[in-house]
Q: 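Have a look at this one before I ask anything.
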Amino acid sequence: MCSESVTDEKHIADLAIKNGYVYTVDEKKSRAEAIAVSGDKIIYVGSNSEIESFIGPETKIIDLNGRMVLPGFIDSHAHPSMAASLVATVILNNLPSLEAYQDAIRAFASANKDKKAIYGNGWDNTLFPPIGPRKEDLDAVISDRPASLMSEDGHAIWVNSKALEICGVTKDTPAPQGGIIEHDPETGEPSGTLREDAMDLIHNVLPPLTVEQIKEGLHAYMEVAAREGITTVHDAMVLVPGHKGSLLGLGWYRENTTAFAALAEENKLTMRVRASIHTSPELGVSQIPALLIECENHKSPLFQIRSAKVFVDGVVEGGTAFLHEPYNHKPGFCGEPIWNPDDLNVMFEALDKEKLQIHVHAIGDAGISMTLDAYECAVKANGKRDSRHQVTHIQVLAPGDFKRFSDMGILGVPQPMWFKKGSNYKELELPYLGRERAEKEYPMKSFMDVGVIMASASDFPVSMPCPPMLGIHGGVNRCEPGVDDPNEILGPEERVSVEEMIASYTINGAFANFLEDETGSLEVGKKADIIVLDQNLLEIPPSEISNTNILMTIFEGKEIYRDK
Ligand SMILES: [Zn+2]
């Protein structure tokens with residue numbers, strides 16, 4: 001039993017939580033029964049009898065009847081600002097045909113006459129081989145304003161003639177490196193589909209989603225997050241508003257930093273947000289001054305940027321992850337890194353010198369090795385410091401690289417809800433990687449065994465919704481909820497304990513975001529970020545974890561969600 005309190009000046013609590021199974025996630029993994037909160041802080045953690053002295057006539061008392069209490073969850077890599085695409089654009093997902101798409105777009109455009117550009121999401125590539133959907137089919141339903149609709153997988157956009165015209169894309173426009181402009185085979189004119197980096201030709205020019213639209217998306221996200229017990233999130237892709245480099249088609253979000261700052265200013269954030277700011281390979285070190293200004297501009301308690309985001313490779317499912325050995329389905333082809341290794345070394349050295357944290361997307365084993373090489377260059381040049389650099393996704397690992405993470409104090413940021421043999425695994429990862437590599441993908445215990453700090457994450461909206469409970473389930477079981485066939489477990493030797501998974505969503509996430517003095521555990525002096533669960537994760541069978549619900553979420557002493 002743990003018992004601690006502010007002794008010299010004893011407060012009367014605003015809120016007293018009693019009769020709980022409080023798993024504090026402190027250093028000693030103590031359990032307690034009760035928590036007292038004054039304002040936004042925890043002032044006592046301990047027993048039912050001792051909390052009585054903190055209770056006054058005004059104290060609100062919550063009797064938990066033995067329910068489990070944890071620190072608020074921390075999602076260490078998500079894209080909350082992309083929720084705007086769920087509320088401010090036309091959604092085509094799951095519609096069956098071009099005609100159904102056209103009906104939805106027509107209806108959305110007429111209901112949104114004030115929007116300067118019509119954006120959308122979710123069309124299915126398989127309906128439009130081989131050159132993608134055509135501008136004429138979009139012109140037929142919207143011709144007065146530019147329209148751009150992103151495919152389900154986020155790797156292509158479908159645009160109308162107005163968008164091509166405004167953005168100056170003609171049959172003579174060369175595709176940027178890594179991008180494709182589809183053309184009509186007869187006329188040679190752009191046919192209406194642009195892929196990969198060519199999406200920037202449109203999305204960096206059209207009016208972006210407005211600050212209001214992004215705020216609307218963030219409100220929707222925050223509601224979902226509160227329901228799932230998330231009180232801190234790391235947005236892994238905020239943008240310098242005037243960024244001139246490649247943005248992977250995400251230029252429509254280029255006001256997202258402004259939107260977060262506005263919500264912070266208006267006191268409307270119901271969670272703590274930390275963020276990484278996107279960098280483009282072609283701009284290299286020249287973009288660092290702009291990043292530093294952006295970090296300096298955002299220092300409010302609930303919204304801060306101190307980290308640079310670097311994409312080192314793509315994804316296995318697209319054959320764009322960078323591998324040491326060739327893909328199984330494409331002999332001789334290993335994929336390519338997004339950065340050239342020398343440029344990456346120079347960039348990391350420069351970012352680290354400015355004391356920026358670095359948050360890397362790396363998926364293939366060669367991409368991860370190359371990332372570690374660049375981190376090594378930074379350490380060599382600038383010395384070892386408390387940098388807390390990170391690598392997220394970490395799907396395919398070279399066996400010698402685990403130790404390099406721990407030697408340099410690099411953190412892993414995995415998405416444990418992906419630890420399973422689902423359809424992605426069976427249809428894409430297995431044939432692309434071959435059995436040996438596929439079965440070893442998404443290691444977790446191998447990292448923890450050598451002392452790497454693992455801070456778990458959802459990658460929302462790639463995973464949607466984004467419950468940490470599903471991630472805890474994935475980390476402990478490594479199979480889909482409800483599955484009990486042992487052959488369906490992805491790398492059983494990589495399963496970790498419930499306690500380790502809870503830590504990865506709480507105290508490790510706090511450490512990853514330089515917040516361990518503020519949140520991540522239930523201890524006196526920390527912010528009162530507290531959640532209540534409907535079952536005790538430490539007592540139920542592991543297969544039941546995903547059925548656990550959040551009954552209450554408290555952020556900085558305020559109740560932001562209660563299960564009705
Ligand atoms: Zn991501």
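Both ligands and their constituent atoms are indexed starting at 1 by order of listing. Fair warning: this is a prediction, and the values are worked out from it, not measured in the lab. Numbers for residues simply follow the sequence, beginning at 1.
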Q: Angle class for the Phe460/Tyr221 ring planes (parallel below 30°, perpendicular above 60°, tilted otherwise)?
A: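 The rings of Phe460 and Tyr221 sit tilted, inter-plane angle from 30° to 60°.
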Q: Mark yes or no: Arg388 above the aromatic ring of Phe511, with NZ or CZ under 6.0 Å from the six-membered ring centre and no more than 45 degrees from the axis.
A: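 Yes - Arg388 lies over the ring of Phe511, closer than 6.0 Å to its centre and within 45° of its axis.
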Q: When you measure from the Zn ion (ligand 1) to the N, O or S atoms of His79, does any of those distances fall below 2.8 Å?
A: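 It does: His79 brings an N, O or S atom closer than 2.8 Å to the Zn ion (ligand 1).
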Q: Among the N, O or S atoms of His77, which one sits nearest to the Zn ion (ligand 1)?
A: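 That would be atom NE2.
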Q: If you count heavy atoms of other groups shown closer than 6.0 angstrom to NZ of Lys440, is the number above 12?
A: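 No, because the 6.0 Å sphere around NZ of Lys440 holds 12 heavy atoms or fewer from other groups.
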Q: Out of the N/O/S atoms in Asp459, what is the name of the one closest to the Zn ion (ligand 1)?
A: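 Distance check against the Zn ion (ligand 1) picks out OD1 in Asp459.
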Q: Between His234 and His359, does the ring centroid distance fall short of 6.0 Å?
A: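 Yes: the rings meet the under 6.0 Å criterion.
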